[in-house]
There are 2 protein chains.
Amino acid sequence: MALDRKDLSILAELTTNARASHTELANKVGLSSTALARRQKTLEDDGYIQGYRAALDLAQFGLTTTVLVRIALESQSDEALKAFEAEVVKCPSVVRCFLMSGTDDYILIVLARDIRDFERIHRTELSRLPRVARVQSSFALREVINRAVPTVVFGEGKR
Amino acid sequence: MALDRKDLSILAELTTNARASHTELANKVGLSSTALARRQKTLEDDGYIQGYRAALDLAQFGLTTTVLVRIALESQSDEALKAFEAEVVKCPSVVRCFLMSGTDDYILIVLARDIRDFERIHRTELSRLPRVARVQSSFALREVINRAVPTVVFGEGKR
DNA sequence: TCTCCTTGGGCACACCGACGCGCATCCTCG
DNA sequence: CGAGGATGCGCGTCGGTGTGCCCAAGGAGA
């Protein structure tokens with residue numbers, strides 16, 4: 001199934017404002033409300049739209065510090081990976097965790113209030129992870145780009 | 001201003017389902033619809049809720065490969081940073097870009113269709129970035145955690 | 001070339017639900 | 001005991017949503 005420019009326009013708009021009504025969206029896209037409703041439903045049914053989520057301002061919660069953590073395990077055995085992953089999903093300050101190729105086994109993205117708070121997280125969350133051989137942390141000084149969706153998605157319009 | 005458990009419960013629910021109606025939310029949180037409406041409006045006005053966004057299934061667009069790219073610049077001068085950042089924001093496949101402490105100057109997260117596609121992105125987007133001294137890419141074999149909001153936010157309830 | 005058929009769009013309408021208001025009540029704190 | 005803040009209930013209005021129907025455009029086949 002292929003998406004045309006209007007579909008992409010709908011997705012782009014919903015990515016910005018998920019609560020827009022059919023008529024509101026229809027005006028922006030250049031369709032009638034019924035035509036838009038059909039397309040939106042199709043996009044949902046076909047799985048292009050997973051759901052609608054509120055975007056929280058994490059800075060408002062004091063979470064202004066992003067830390068990238070590289071973790072190497074003692075062993076790359078399946079059992080070690082499973083044990084590590086079972087615990088890392090419980091870490092409440094971790095927002096992303098990738099199993100990586102190359103020398104570093106895992107890369108985590110951790111959100112903290114500040115550097116002191118990260119020290120606490122390191123002590124109470126990260127240091128308790130099993131099978132860890134080495135932990136290396138780098139602080140993000142600034143976030144230059146933070147997109148949920150790559151802009152390339154909205155630029156491939158057919159027709 | 002402090003949030004109590006009901007506020008956090010509202011935020012948690014809206015993070016999952018941003019289109020829930022007042023009555024729907026009220027039932028889950030244990031409030032009446034009016035009390036909930038007031039609290040939700042307060043959360044919006046106070047900036048805890050930035051907005052409501054549709055979550056797209058990137059796999060549906062073929063973007064199944066995540067790549068972490070480490071980039072070191074030739075120079076850390078303010079001019080070099082500005083020049084680099086002015087260009088990197090134009091890269092349509094980059095979803096995140098951090099200015100880092102330590103040896104690596106920037107870390108990007110790039111979404112690609114597959115490894116072949118990343119080669120194209122490397123050639124057409126990354127290699128054109130100015131002032132770059134070294135580029136090092138690591139592929140994510142698997143995504144263990146992908147949260148928009150750390151669970152720690154929902155667990156600090158007062159009262 | 002004509003015709004049939006399919007696909008997508010627009011218009012109008014009716015129903016249903018959401019939303020916001022006012023007021024009474026309750027709880028807490030001073 | 002009084003006052004302020006938050007809650008819950010009921011109501012009316014408004015808007016969104018979904019349906020049915022018709023129309024236009026494009027493609028296929030005879």
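The sequence lines fix the lettering, A, B, ..., with proteins before strands; numbering per chain opens at 1.
Comparing D/dC9, C/dC11, C/dG9 by their nearest atom to the side chain of B/T34 picks out D/dC9. Distance from the side chain of B/S21 is smallest for C/dC19 among the nucleotides D/dT17, C/dC19, D/dG8.
If you take CG of B/N27 and P of C/dG17, they are 14 Å apart, rounded to a whole angstrom. Between the CD atom of B/Q40 and the P atom of C/dA18 there is a distance of 13 Å, rounded to whole Å. Nucleotide D/dG18 holds its P atom 11 Å from the CG atom of A/D45, rounded to whole Å. Rounded to whole Å, the distance from CZ on A/R38 to P on D/dG18 is 12 Å.
DNA chain C is contacted by both B/S33 and A/A35; A/A35 maps to the nucleotide lying nearer its 5′ end (nearest heavy atom per residue).
Ionic pairing of B/R123 and B/E119 is present here: one or more N-O contacts between side-chain nitrogen and carboxylate oxygen are shorter than 4.0 angstrom. Salt bridge B/E24/B/R19: absent, no basic N to carboxylate O contact under 4.0 Å. One finds no salt bridge joining B/E125 and B/K90 here, because no Lys/Arg side-chain nitrogen approaches an Asp/Glu carboxylate oxygen to under 4.0 Å.
With hydrogens and angles ignored, no donor-acceptor pair under 3.5 angstrom links the side chain of A/S32 to the base of C/dG9. Side-chain N/O atoms of A/R39 and base N/O atoms of C/dG8 include no donor-acceptor pair closer than 3.5 Å.
Within the structure, a side-chain polar atom (N or O) of B/H22 is placed less than 4.0 Å from OP1 or OP2 of C/dC19.
Between B/Q40 and B/R38, the side chains place no donor N or O within less than 3.5 Å of an acceptor N or O (distance only, hydrogens not considered).
Taking each heavy atom of A/V132 and A/E74 in turn, the nearest pair found is O-OE2, 3.9 Å.
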Quiz item: In dot-bracket, 5' to 3', how would DNA chain D read with Watson-Crick or G-U wobble pairs under 3.5 Å, [ ] for crossing ones and | for pairs to another strand?
Solution: ||||||||||||||||||||||||||||||
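Taking the centre and axis of the six-membered ring of A/F84, the NZ or CZ atom of A/R131 falls outside the cone set by 45° and 6.0 Å.
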